[in-house]
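Labels below follow one simple rule: chain letters A, B, ... track the order of the sequence lines, proteins then strands, and each chain is numbered from 1.
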Amino acid sequence: MRKKILKTQINLILLALAIILAAVQVVIYNQKSTTGQDLALLQQSISDIERENNRLIKQIASSSSIGTILTKAESLNFADNVEIISLDASLPVALNSASFEEF
Amino acid sequence: MSVRLQIVFFLFLFFFALVIARLFSLQIASVDLLQGLGQRQRLSSIKIKSARGRIFALDGSPIVLNQSAFGVYLEPSKFKDRKKTISTLASELEVLESSISARLDETSALWIPIAHRVEEERVEAIKAYDLPGVNFIEEAKRFYPEASMAAHLLGFVGKDIASEDRGYFGIEGYYNEQLSGRDGLLKQEKDAFGNPIPMGTISKIEPKDGRDLTLYLDKTIQFIIEEKLKKGIEKYGAEGGAVIIADPFTGGILASASFPSYDPERYYDFSEDLYKNPVIASSYEPGSTFKVLILAAALNEEKVDLGTKYLEESPVTIGGYKIRTWNNKYHGEISLTEILEYSSNVGMVFVSEKLGRDLILDYIEQLELGKLTGVDLQEETAPKLRDRNRWYEIDYATASFGQGIAVTPLQMIRAVAAIANGGKLLKPQAVSLIHLEDDRVVENKPQLVRQIFKPEVVALAKEMMVSAVEKGETKYLKPGNYRIAGKTGTAQIPIAGHYDTEKTIASFVGFAPADKPKFVMLVTLDRPTTSPWGSETAAPLFFDITKELFVYYGISPS
């Protein structure tokens, strides 16, 4: 008799477990079925961010190009100065010893 | 009764056999096909484009980057208003309506490409019209922050026969394998709405981006020479010109410009004749600039020395040809240094005779003038030298002053760099670093081809070149108190077996500061009209650039 009761209890527990697991599976699949859309959105976000990064890199490179800097410098009235002035090491005529001797 | 049973039995058996046969067909015979069809239905394969390697200047600033762009494709069957679609696209893409119409009419394809590499901003503008039947596919496009700077050196990216990106000319062409990455592939299970199934099958082959390159190119110097060369060509009424600057101790090309040029972003709008880099793919007769090499060779072989004198008193006749000085003036007894100062052709004939025929050819071969320099640029060519047995007496004489022998500007600058760097012939290089995966870097180290001149000979040759600048035709052009070594050149242009009497290629080759050279530079001007002489056209341009380089490098007068 006790053996029969035990058997029934085990069956009930197994049945309950099966029902619970089935319910859990339904819940999980329900959740997962909507995460596909989230995943697609995330992939789209990654793609957008990468594109935005490329756009910013392009802008930085453009802004720091020599052509852009030159245009900005000209608009700020910076002058191009490459005139090389060489200072002669020889003494001025008035201080030159040879000149003194002549006087 | 038994007959009816038997009929039913055989009917059942027949239908059962049909089911078995069908199952065999579906599950065994056609399994691959059906599996593939099933996978195609639920699996999406996305090609993950690899990024082409970027190109950086010596200071690490970008010269070539990638940007997002799109191909524009049309599906005529989905058009709502064909005329409106075509006119809108024509105005946004800046093409003629007729060209789009013609493209649609010439094919019955369902998917018709009408534009490639359209910038993102333009695509956004087209999308705003919400035109059915207009589709976009992402493509990579090169972006040049410095616009068309160094176009000949860089090359461009076009399409190959499989419509895949491919580099052509210059660095893009030579390093195409390194710059091209390997595309990846993402296979993902998707639901009926096209959304990915997270628990489904996912397989991914990661893309491998192309390798980045760092050049020896200094973009400030490049900018300087391009500006100066443009103005120089205009000022001297030349048809074109080139400037190349190299580091004499590494062989690295610091800057290289030639005009006319093209825009690598819109290469298809320019003539194909402009794609080749004249610095490596065109040849010219170096004229008097070649004298420094023959003189250095004669000194190296100890056939002449500083005490050698030559009596310059009249033209000389070689093999029936009369050779004169460039201005038909004769200075009596002159030294080797004065031969270079006066740029004396007859003096150089004397030096070549001292050097001897075999040694002239030996040095031309040792300077590798008939061979490719091996520079890492795609379209290099080398003018072929005559065979040894086809050199006549007059050829040795004219070669001594740079006529009758053809070189590329790169070959010439490399040979003169050997005088600047202590006698070493180096392999010229455009790329300094190749950036591998995992931040590893491969360095293109300077490559010595051979020691060609002795260091003591180089010191003498340098002094002669300095003297040629300070006492020659260019003495009023050089910036004061700087020691610059150089030599002018004016070469006639061979046309149909004779020399053009009026048109010349004017050039100037030199390095500075002479004692510790920072750069070696060659300037060539093609057919200048204000004056045919190198001393009045190429030389002023050379010194104009040199002055700016002294300021840029912070080189003080000596």
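Distance check: A:I66 CD1 to B:Q222 CD gives 9.0 Å after rounding to the nearest 0.5 Å. Here OG1 of A:T68 is found 7.5 Å from CD of B:E146. Values are rounded to the nearest 0.5 Å.
Within a 6.0 Å sphere centred on NZ of B:K127, other residues, nucleotides and ligands contribute more than 12 heavy atoms. For OH of B:Y552, the number of neighbouring non-hydrogen atoms (other residues, nucleotides, ligands) closer than 6.0 Å is greater than 12. Other residues, nucleotides and ligands contribute over 12 non-hydrogen atoms within 6.0 Å of the CD atom of B:E121. More than 12 heavy atoms of other residues, nucleotides or ligands sit less than 6.0 Å from atom NZ of B:K49.
Between B:P145 and A:S65, the closest heavy-atom pair is O-CB, 3.3 Å.
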query = Please walk me through it: do B:F143 and A:I57 pass side chain to side chain contact (heavy atoms under 4.5 Å, CB included)?
reply = CA-CA 11 Å; B:F143 172 64; A:I57 289 167; over 6 Å; no
request  = Might you work through the side chain to side chain contact (heavy atoms under 4.5 Å, CB included) test for A:N54 and B:N66, ending with a clear yes or no?
outcome  = CA-CA 8 Å; A:N54 283 337; B:N66 298 309; over 6 Å; no
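Between B:L65 and A:K58 there is no side-chain heavy-atom pair separated by less than 4.5 Å.
Contacts of A:Q43 with chain B are made by side-chain atoms alone, with heavy-atom separations under 4.5 Å and no backbone atom involved. With a 4.5 Å cut-off on non-hydrogen atoms, A:L41 does not touch chain B at all. There is no contact between B:S61 and chain A, counting heavy-atom distances below 4.5 Å. Contact of B:T220 with chain A is made through backbone and side chain together, with heavy-atom distances under 4.5 Å. No part of A:S63 comes within reach of chain B, as not one of its non-hydrogen atoms sits under 4.5 angstrom from that chain.
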